[in-house]
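Everything on this sheet refers to the single structure shown next.
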Amino acid sequence: MLRNQFLLRPDITYLNFGAFGSCPKPVFQQYQQLQLELEQEPSYFMNVAGPQYLKESKKSLAEYLNAHEDDLVYVSNPSFAANIVAKNFPLKQNDEVLATNIEYGACDLTWEYYCKKSGAVYKRQNIQLPIESKESFVQNFLSGLTDRTRLIFISHITSSTGLRLPVEEISSIAKEKNIPVFIDGAHAPGQIPVDLSLLDVDFYTGTCHKWMMTPKGCSFLYVKKEWQNSLEPLAVSWGYNAIRPSHSQFLDYHQIQGTRDYTAFLTVPHAINFIKENNWEEVSSRYQQMTQTNAPELCSHLNTKPIAPISNEFVAQLYSAEVKTKEPEKLHNYLYEKHKIQIPVMYQNGKTYLRYSLNAFNEQSDLDKLFDAIKEIKTTTNLIDHN
């Protein structure tokens, strides 16, 4: 196990890698070194060294994602990326953006905001849970298409419900119908393979600070070339009418944002090296198996049924099960304060989910501790309903 490579507190059982990944020590050390270099000679770093490091970092990320580096810009998080696209996507009165009703809340709010401004409709297609199969999900989701659908927005792996969705099949059908696709891949890179050339979607955003394990505030937006010049920046800065424009308006508009500490972006090559050096494909496979093996026991302790088949098609290193509680915040706090377990308790569509996520520092004993805590809570408190 690689636990000694991480900075996590030893007294906390950390089952929330999906929300906030932990940065390995070697990558964090490179991050601090970059920040030190910035502060030792700020002018040189901002004008010379930093841009060169950024170019090298984007090249490394592009190779990892099988994309062209000019089609990628770094952003702080996927919500920022969603805002760039939603602000600029050409929507008119009564147009529709089709999404599931299990998307990430901040992205839901982004699309609701911009759809309201244009008179369009953000259509959250009701997904029938439990999902029976890939085929049933695709049929269920695409039944929301109409002649007014202008864009499909869908998660690669959902947040609250922790489900890997069949975006490959969705994207293929959308392409046949000439409907653009935007994938929210916040949880995908580093957890499952992401090949942007093969996926061939119009927009894709993902984090590097979750499963790729960079420092926080490091994400990316991929945009297919035909859309790039239509995206105005959220903040107009030196890249607009640049004195020395680059070969790409897309890069100038969204990459040149004035003074900011973007050293987290520059750690991506170091994170990818860490992934390669530690045979992460094998690590991910091992923890995906652990995630799936323990899923039935979590459901049993919570007296609930799986919301999708427990298989590679739907489950990677995240697993969510419905927990019947009237006080989700108190349940989370009790698990943390009494049992020192950091695990999210999330509310969506009238249901509450307990979600564990596993990575290289976890052991089976971490999940055993969670199961013991659930048994104690059911016995001594009213935080989990028994029915």
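In what follows, every heavy atom counts, from backbone to side chain, and hydrogens, waters and symmetry copies are set aside.
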>> Does E226, at its CD atom, have more than 12 non-hydrogen atoms belonging to other residues, nucleotides or ligands within less than 6.0 Å?
In response: yes
>> My understanding is that a hydrophobic cluster links ILVMFWY residues whose side chain heavy atoms are under 4.5 Å apart, including indirect links. Using that, what else belongs to the cluster containing Y240?
In response: V236, Y253
>> Any salt bridge linking D372 with K369? Criterion: basic side-chain nitrogen under 4.0 Å from a carboxylate oxygen.
In response: no
> Any sub-3.5 Å donor-acceptor pair from S118's side-chain atoms to K92's backbone N or O?
Replying inline: no
> Does the gap between the ring centers of F250 and W227 come in under 6.0 Å?
Replying inline: no
>> Treating T381 as the side-chain partner and I377 as the backbone partner, does any N or O pair qualify as donor plus acceptor under 3.5 Å?
In response: yes
> Do R148 and E96 meet the salt-bridge criterion of a basic N to acidic O distance under 4.0 Å?
Replying inline: yes
> Hey, is the main chain of S246 close enough, under 3.5 Å, to the side chain of D252 for a donor-acceptor pair?
Replying inline: yes
> Can you name the nearest heavy-atom pair linking V27 to H270, along with the distance?
Replying inline: CG2-O, 3.9 Å
> Which is it for S320 and Y356 under the side chain to side chain donor-acceptor pair (under 3.5 Å) test, yes or no, and what are the steps along the way?
Replying inline: CA-CA 7 Å; S320 285; Y356 65 71; over 6 Å; no
> Below 4.5 Å, heavy atoms only, C-beta onward: do H254 and I84 meet side chain to side chain?
Replying inline: yes
> Does any N or O in the side chain of H339 come within less than 3.5 Å of the main-chain N or O of I341, such that one atom is a donor and the other an acceptor?
Replying inline: no
> Is the backbone N or O of A174 less than 3.5 Å from a side-chain atom of N178, with the two atoms forming a donor-acceptor pair by type?
Replying inline: no
>> For a side-chain contact (heavy atoms from CB on, under 4.5 Å) check, start with the C-alpha distance between H332 and Q342, then their side-chain angles and the critical distance, and finish with the verdict.
In response: CA-CA 8 Å; H332 168 270; Q342 183 61 269; 2.9 Å; yes
>> Ring-plane angle category for F274 and W280, please: parallel below 30°, perpendicular beyond 60°, tilted otherwise.
In response: tilted
>> Are the side chains of F182 and V201 in contact, using a 4.5 Å heavy-atom criterion?
In response: no
>> Check whether S284 reaches the backbone of E281 with its side chain - one donor and one acceptor, N or O, closer than 3.5 Å.
In response: no
> Is a donor on one side and an acceptor on the other found under 3.5 Å between the side chain of H247 and the backbone of D70?
Replying inline: no
>> Run the side-chain contact (heavy atoms from CB on, under 4.5 Å) test on Y53 and F265 for me, step by step, so that the C-alpha distance in whole Å, both residues' side-chain angles and the decisive distance to 0.1 Å come before the verdict.
In response: CA-CA 9 Å; Y53 292 154; F265 299 166; over 6 Å; no
>> To check you understand the geometry: which heavy-atom pair defines the closest contact between G18 and S357, and what is its length?
In response: N-OG, 2.8 Å
> Closest heavy-atom contact between E132 and P309?
Replying inline: O-CG, 3.4 Å
>> Less than 4.5 Å apart, side chain to side chain, heavy atoms only: is that true for L61 and M212?
In response: yes
> With clusters built from Ile, Leu, Val, Met, Phe, Trp and Tyr whose side-chain heavy atoms come within less than 4.5 Å, directly or transitively, what are the remaining members of the cluster of Y31, listed by chain and number?
Replying inline: L7, F28
Output side-chain donor-acceptor pairs under 3.5 Å for residues 38-49, partner residues at least two apart or in another chain, one line each.
residue	atom	partner	partner atom	Å
E41	OE1	S43	N	3.2
E41	OE1	Y44	N	3.1
N47	ND2	S43	O	3.0

> Are L367 and L358 close enough, and set up right, to give a side-chain contact (heavy atoms from CB on, under 4.5 Å), and what steps lead you there?
Replying inline: CA-CA 9 Å; L367 289 171; L358 306 177; 3.8 Å; yes
> Side-chain contact, heavy-atom cut-off 4.5 Å: P166 with F137?
Replying inline: yes
> Can you check whether Y14's main-chain N or O pairs, donor with acceptor, with N362's side chain at less than 3.5 Å?
Replying inline: yes
> Which heavy-atom pair separates K340 from D11 by the least distance, and what is that distance?
Replying inline: CB-O, 3.3 Å
>> Is there a side chain to side chain donor-acceptor pair (under 3.5 Å) between N382 and E327? Walk through the geometry before answering.
In response: CA-CA 9 Å; N382 294 317; E327 299 179 292; over 6 Å; no
>> So that I can tick it off, tell me whether D71 and K225 are bridged by a salt bridge, with the cut-off set at under 4.0 angstrom between side-chain N and carboxylate O.
In response: yes
> Between Q348 and Y353, what is the shortest heavy-atom contact and its length?
Replying inline: O-CE1, 4.1 Å
What side-chain donor-acceptor pairs closer than 3.5 Å can you find for residues 99-111, not counting sequence neighbours?
residue	atom	partner	partner atom	Å
T100	OG1	I102	N	3.1
T100	OG1	E103	OE2	2.6
N101	OD1	I127	N	3.0
N101	ND2	N126	OD1	3.0
E103	OE1	S155	N	3.0
E103	OE1	S155	OG	2.5
E103	OE2	S155	N	3.4
D108	OD1	Y122	OH	2.6
D108	OD2	R124	NE	3.4
T110	OG1	N83	ND2	3.2
T110	OG1	A106	O	3.0

>> Going by the rule side chain to side chain contact (heavy atoms under 4.5 Å, CB included), which residues pair with R164 if we only count those two or more places apart in sequence or in a different chain?
In response: I157, E168, I192
> Does atom CD of Q139 have more than 12 heavy-atom neighbours, drawn from other residues, nucleotides or ligands, at distances under 6.0 Å?
Replying inline: no
> Is K25 atom NZ crowded by more than 12 heavy atoms from other residues, nucleotides or ligands, each under 6.0 Å away?
Replying inline: yes
>> Within the structure provided, determine whether N359 and V283 are in side-chain contact (heavy-atom separation under 4.5 Å).
In response: yes
> Does the side chain of L151 come within less than 4.5 Å of T149's, by heavy atoms?
Replying inline: no
> Are E376 and K338 close enough for a salt bridge, meaning some N to O gap below 4.0 Å?
Replying inline: yes
> Can any side-chain N or O of K378 pair as donor or acceptor with the backbone N or O of H301 at less than 3.5 Å?
Replying inline: yes
>> Salt bridge or not between R150 and D95? Use side-chain N to carboxylate O under 4.0 Å.
In response: yes
>> A side-chain contact here means heavy atoms from C-beta on lying under 4.5 Å apart; do Q288 and N312 qualify?
In response: yes
>> For L98 versus Q125, what's the shortest heavy-atom pair and its separation?
In response: CD1-CB, 3.9 Å
>> For the residue pair K210 / Q191, report whether a side-chain donor-acceptor contact shorter than 3.5 Å exists.
In response: no
> Under 30°, 30 to 60°, or over 60°: which ring-plane class applies to F17 and F361, parallel, tilted or perpendicular?
Replying inline: tilted
>> Measuring only between side-chain heavy atoms, which start at C-beta, is D366 closer than 4.5 Å to L370?
In response: no
>> For L2 and N278: C-alpha separation, side-chain torsions, deciding distance, then whether side-chain contact (heavy atoms from CB on, under 4.5 Å) applies.
In response: CA-CA 9 Å; L2 294 165; N278 289 283; 3.5 Å; yes
Would you mind writing out the side-chain donor-acceptor pairs for residues 214-222 within the sub-3.5 Å range, not counting sequence neighbours?
residue	atom	partner	partner atom	Å
T214	OG1	C208	O	3.2
T214	OG1	H209	N	3.3
K216	NZ	G21	O	2.7
S219	OG	S76	O	3.4

> So, T158 side chain and S160 main chain: donor-acceptor pair closer than 3.5 Å or not?
Replying inline: no
